Amino acid sequence: MRAVRIAIVVSVGVFLGGCGGAKDRGITDPGNDGGVSKLVVVSGDAQTDTVLSPLAAPLVVRAVDSHGNGLAGVPIVFMVSDGGGTVSPAAVTTDSGGRAQAQWTLGPVGGDMRVHAAVQDDVVVAATLHATVEWPPLRSVMLDVGYEHSCAVEPRLGLYCWGKNDVGQLGDGTTEDRLHAVPVQGGTSFHFVTAGGDGHTCALTSDGVAYCWGRNVWGQLGDGTTVPHGTPQPVYGDLRFTALSAGAEYTCGLTADGKVYCWGFMEGSSSTIPPTPILVSGTQQFQSIDAGDFQLCGIGTDGVTYCFHGTYTPDGINGGPGSVWRPVAVSTSLRFTSLTAGLMFTCGVTDAGVAYCWGMNTYGELGTGNTDSAAVPTAVAGDLRYRSLHAGYDWVCGITTAGTNSCWGHDSWGQLGFDDAAPSVHPSPESMPLPDGVTFTAMDGGLYHMCGIASTSLTYCWGGGFNGQLGDGRSAEFYSRPTPEVVRRRS
C-alpha cells in the first residue's frame, strides 16, 4: 500500500467570503502600493502524515510588496476552512523578513483539507493551502479472512473489519462496502475473530463468549434463527470457547475441555440445519481445529489428525436419527503441529517443519508439483521448512523458518504476490516477493485476496481488491495489487 500522502498545494488569490481564488503566482493588488502585494509560501508543502497529526514542518508564508520585498509587522490570520484540524497560532505578525509561521494539526477525517492565510482586515490578499489526508495504518495482533472481507484485532482499539458488507458481515451496522477498516459496533470487546467464507463473522470475548453477525441463511450465526444481523449477536447457550473457526456456511467452536461444537450447514450432515451449537466431536478431544469452506479438520489431544464427515447416528441432530459430523482419523502416521484448510483441501506442518497437503488439487493447491488430487497427506515439493501454512480458496502461502514467504496454487488476482499478467497455476512453491524490510508473522487467505500481519504489527493485504477487501482506501473498482499494501483504519 502506498504511503499516506499529504500534498500541500499553495495558491494565492482574492479572498472573498472565506474562499481564496487559486493562482500559482498570486494576485497583485494595484490599490495597495507600498503595502502587501501578495503572500508567498516559504515552506510547509509536500509533507506526509496521517489524520490528527501535527505536520512536521510549519506553515510559513511571507508578505511582500509589489517589488518582492518582505514586509515586517503585517498581521496574518490562519483559518482552517475544510476538513477540521487546528492552526496555532491563529494570528501572527510577520517578522523582519516578512515571514509568518504557524503549526497545522490535521483534522480527524481523511480527504481534502484547506487552510487560508490572509492579511488581517484585508479581504484582497490571501493564500490557500490544501492537504490530502489518509487514515492511519491498522496494527493488529490477529486476523482472519473471508471470501471478500477481512477482520483484525487492534490491541488498543478493538475489532476492525473491511471489504464486502452486503449482509452486514463487517458488523458496523450497515450494508455498505468499506474501503478502510471500520470498527465493529455493539459495545462488545473481542480478542479473537474468524471470518466465514460466504459473508458471516464470529468473534470471542476474553471470557470465551461467542458472538456472530452477517449472513444467516443456514443458521451459521448460531443464535437460533436464520435472520441476518449487521452487528454482533450472542451465540445461543452458555458455552465458553477457546477458539472459533468459520467455514463457508457454518461455524465451529473449541471448548477448554477439547470438545467441538458446530452450527449452520455442515456438508454431509443431516438436511436438518442446526441454528444453535451441537456437539460433533463425540468422545474425541481436540487441541485445535481449522474450518475449510466445506470441511473441518483438527488435531486431537492424542496427536492424531482428524477430519469430520457425516455419520449416521440414532440421535442425529436435534434428538432425531440422521447424519451428523463425527471425526474420522486421517490415514497417516504423520503428526502435525498446525493445520490450514481451503476449498476441499487441507495442509499441515509437522514438528520438523515439513509441509503436507491432501484433497482436491485442480489448481495445484496441494503444492506437490502437479494437479493430481491426493487422498492422503502428500509432501509439498521442495526442501523448504515452514513455521506455518495459510490457505486461501484454492492456494496456499507459507511462512518459512527463514522468515520468507512461499506460495503455490491458483494466482487469479495477484493473491500469491506474483505479478502474473493473467490467472495462472503454480503447482510448486515459489518465493513471494516482499517489500523491503517486511516479514510476516501471520497470514490468511480469502477468495481473491490475502492479508498478513508483519513483524512490525502493521496489517497488509494484496490480491483482488474490487470490494474494498484490501483495506487501502482505493475505489472499489476491479484491480489487482500483487504487492502487499498497508491496511488503513477509520477511527
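Owing to the predicted nature of the structure, the values given are computational and were not obtained by experimental measurement.
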Residues forming a side chain to side chain donor-acceptor pair (under 3.5 Å) with [X], sequence neighbours excluded:
{"X": "Thr194", "answer": "Asp144"}
{"X": "Glu267", "answer": "none"}
{"X": "Gln169", "answer": "Asp166"}

Is the closest side-chain heavy-atom distance between Ser281 and Lys259 below 4.5 Å?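 When only atoms from C-beta onward are counted, Lys259 and Ser281 do touch, with a gap below 4.5 Å.
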Do His426 and Asp420 touch side chain to side chain, with heavy atoms closer than 4.5 Å?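 Counting from C-beta outward, His426 and Asp420 do come under 4.5 Å.
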Quick check on Tyr363: does its OH atom have over 12 non-hydrogen neighbours (other residues, nucleotides or ligands) under 6.0 Å away?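 No - once you tally the heavy atoms of other residues, nucleotides and ligands closer than 6.0 Å, there are 12 at most.
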Can you establish whether the number of heavy atoms outside Asp238 located under 6.0 Å from its atom CG is more than 12?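 Not buried by this count: 12 neighbours or fewer within 6.0 Å.
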Side chains of [X] and [Y]: is there a donor and an acceptor less than 3.5 Å apart?
{"X": "Glu365", "Y": "Thr362", "result": "no"}
{"X": "Thr378", "Y": "Thr368", "result": "no"}
{"X": "Thr231", "Y": "His229", "result": "no"}
{"X": "Ser388", "Y": "His390", "result": "yes"}

Looking at every heavy atom in both Val324 and Val280, which two are closest together, and how far apart are they?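 Closest approach of Val324 to Val280: CG2-CG1, 4.5 Å.
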For residues Pro234 and Asp223, report the shortest heavy-atom separation together with the two atoms involved.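 So the minimum-distance heavy-atom pair works out to O-CB, 3.8 Å.
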Arg215 and Asp198 ion-paired at < 4.0 Å: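 A salt bridge is present here (some side-chain N lies under 4.0 Å from a carboxylate O).
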Arg488/Asp472 ion pair, N-O < 4.0 Å: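 Looking at Arg488 and Asp472, the cut-off is not met.
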Mind checking whether Trp358 and Phe336 have ring centres under 6.0 Å apart?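 Yes; Phe336 has its ring centre under 6.0 Å from that of Trp358.
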